[in-house]
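Structure record follows, encoded as structure tokens.
As the structure is a prediction and not an experimental result, all values here were calculated from the model.
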Amino acid sequence: MIAVIRHEASKQQVENLVSWFQARGLKTHVSEGEIQTIIGLIGDTSQVDVNLVEGLEIVESVKRITEPFKSVNRKFHPADTVVDVGGMKLGGGHFHVIAGPCSVESHDQILDVAESVKASGASILRGGAFKPRTSPYDFQGLRAEGIEFLLEAKAKTGLPIVTEIMSVAHLPLFEQVDVIQVGARNMQNFELLKELGRVKKPILLKRGFMNTLTEFLMSAEYIMAEGNPNIILCERGIRTFETYTRNTLDLSAVPVLRELTHLPVFIDPSHGIGVSRYVKPMALASVASGADGLIIEVHNDPPNAMCDGAQSITPEQFADLAEKIRRIREVVASL
């Protein structure tokens, strides 16, 4: 349920109403816009007398929210959420590209890639220290050592870092990580999501490859319900009957999510397609669709990559892509 407050209401009147709601066991979320203030109510609102609330002098209207997700709902928070990553703003009209290898393979490899993607305009460095793999015999990542190498790359280039977490037990290793990624396989690991909700770091939440958008948003709701509003949503492709590409990149998710939620929406065309030669056109299409940013896998030697070389582009290809992204953004801005 949301209560839309009249523009002329005083701050004290709003605080009094919030206290009144909280005294009835409801959680409240206040969103202050330029034109109006909205009080979102979470909990058992069936006992709230809508007519009584609507009759208050400061209340313009009361509406019930039918969607199961509440805190992440744009009806609760009409303005775009802007997530701060080391002073960098994500969402709310700010566009950024995250780039780097699928996995951290060595000290020299991650430093080399970090320097090259920064030179081409990447804002954040990605790299997997812990790697969830379908086969137990595949490379599982360098783990703690991988995070150390990422932190060295951050110190040398100034790029914030994002890397994937697989277990609550690994959280102490992520203290200096700027953005914690939750991969597709863990999108519905609810105990992990709740724990990350108690951590105030930005969370990059990837959509599961078999999940609906409602399920995706409910996973984000788990994080927000524990008090962490710093969530970046990432569409990374879903599994369909098509086998020519690794996944089917669902670009329709961008306009739908931007309508349903206030959270930033990023696209990962590398995982979404799984074929390096298709990354460029799908990245450009993602920009045109209105995404807030991209995540691109870049490797300095894709044929010999220890993980996902088939979908990785080279630093030279990334430099070309970054320039075309800039041009597409200029075209979209002019429309």
Exercise. Side chain to side chain contact (heavy atoms under 4.5 Å, CB included) between Lys156 and Leu111: does it pass, once the steps are laid out?
Worked result: CA-CA 8 Å; Lys156 188 168 184 178; Leu111 285 178; 4.1 Å; yes

Are [X] and [Y] packed together at the side-chain level, in the sense that at least one heavy-atom pair is separated by less than 4.5 angstrom?
X      : Y      : answer
Val199 : Glu226 : no
Leu251 : Leu249 : yes
His107 : Phe149 : yes
Pro315 : Val117 : no
Ser135 : Asp138 : yes
Phe130 : Thr163 : no
Leu294 : Ile325 : yes
Ile180 : Leu196 : yes

Under a 3.5 Å distance rule, please check whether [X] uses its side chain to pair with a backbone N or O of [Y] as donor and acceptor.
X      : Y      : result
Ser106 : Gln109 : yes
Asn186 : Asn189 : no
Asn247 : His271 : yes
Thr157 : Ala153 : yes
His262 : Ser71  : yes
Ser270 : Glu297 : yes
Arg185 : Gly208 : no
Ser167 : Ala169 : yes

Any ion pair linking [Y] and [X] (charged N to carboxylate O, less than 4.0 Å)?
X      : Y      : value
Lys154 : Asp178 : yes
Arg327 : Glu330 : no
Lys118 : Glu115 : no
Glu221 : Lys70  : no

Problem set entry | Set of residues satisfying side-chain contact (heavy atoms from CB on, under 4.5 Å) with respect to Asp250, sequence neighbours excluded |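 Result, side-chain contact (heavy atoms from CB on, under 4.5 Å) vs Asp250: Arg207, Glu235, Ile238, Ser252, Ala253.
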
Would you say [X] has more than 12 foreign heavy atoms packed within less than 6.0 Å of its [atom1]?
X      : atom1 : value
Arg143 : CZ    : no
Lys200 : NZ    : yes
Glu54  : CD    : yes
Phe216 : CZ    : yes
Glu242 : CD    : yes
Glu152 : CD    : yes

Exercise. Mind checking who shares a hydrophobic cluster with Val331, ILVMFWY linked at side-chain heavy-atom distances under 4.5 Å?
Worked result: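 Once heavy-atom contacts under 4.5 Å are chained together, Val331 still belongs with nothing else.
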
For this session: Quick one: pull up CZ in Phe266 and CG in Leu257 and give me the separation to the nearest 0.5 Å.
Result: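 Reported value, rounded in 0.5 Å steps: 13.5 Å.
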
Any idea which heavy atoms bring [X] and [Y] closest together, and the distance?
X      : Y      : value
Arg239 : Met210 : CB-SD, 3.6 Å
Ile267 : Pro269 : O-CD, 3.2 Å
Glu67  : Asn73  : OE1-ND2, 3.3 Å
Val82  : Gly92  : CG2-CA, 3.9 Å
Pro101 : Val113 : CD-CG1, 3.7 Å
Arg64  : Val48  : NH2-O, 3.9 Å

Cluster question for you: counting only ILVMFWY and a side-chain heavy-atom cut-off of under 4.5 Å, with indirect links fine, are [X] and [Y] together?
X      : Y      : answer
Ile2   : Leu17  : no
Leu263 : Phe95  : yes
Ile165 : Met224 : yes
Val18  : Ile58  : yes
Ile65  : Leu41  : no

Problem set entry | Option from Ile98, Ile110, Val162 for which side-chain contact (heavy atoms from CB on, under 4.5 Å) with Leu125 holds |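 The passing option is Ile110.
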
Quiz: residues 279-291 side-chain donor-acceptor pairs under 3.5 angstrom, not counting sequence neighbours:
residue	atom	partner	partner atom	Å
Lys280	NZ	Asp320	OD2	3.1
Ser286	OG	Met282	O	2.7
Ser289	OG	Ser286	O	2.7

For this session: Take Val14 and Ile39 through the side chain to side chain contact (heavy atoms under 4.5 Å, CB included) test and state the conclusion after the steps.
Result: CA-CA 9 Å; Val14 174; Ile39 302 176; 4.2 Å; yes

For this session: Could you go through the side-chain hydrogen bond (donor to acceptor under 3.5 Å, both in side chains) check for Ser123 and His96 one step at a time?
Result: CA-CA 6 Å; Ser123 305; His96 292 281; 2.8 Å; yes

For this session: Have a look at Asp308 and tell me which of Arg246, Arg126, Arg236 forms a salt bridge (Lys or Arg N to Asp or Glu O under 4.0 Å) with it.
Result: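 Only match with Asp308 under salt bridge (Lys or Arg N to Asp or Glu O under 4.0 Å): Arg246.
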
Problem set entry | CA sep, side-chain torsions, deciding dist, call: Thr37, Glu32, side-chain hydrogen bond (donor to acceptor under 3.5 Å, both in side chains) | CA-CA 4 Å; Thr37 296; Glu32 296 182 359; 5.3 Å; no

For this session: Fit a plane to each ring of Tyr244 and Tyr278, take the angle between them on a 0 to 90° scale, and name the class: parallel (under 30°), tilted (30 to 60°) or perpendicular (over 60°).
Result: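 If you compare the ring of Tyr244 with that of Tyr278, the planes turn out tilted.
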
Problem set entry | From CA spacing to verdict: salt bridge (Lys or Arg N to Asp or Glu O under 4.0 Å), Arg24, Asp44 | CA-CA 9 Å; Arg24 281 150 183 78; Asp44 183 8; over 6 Å; no

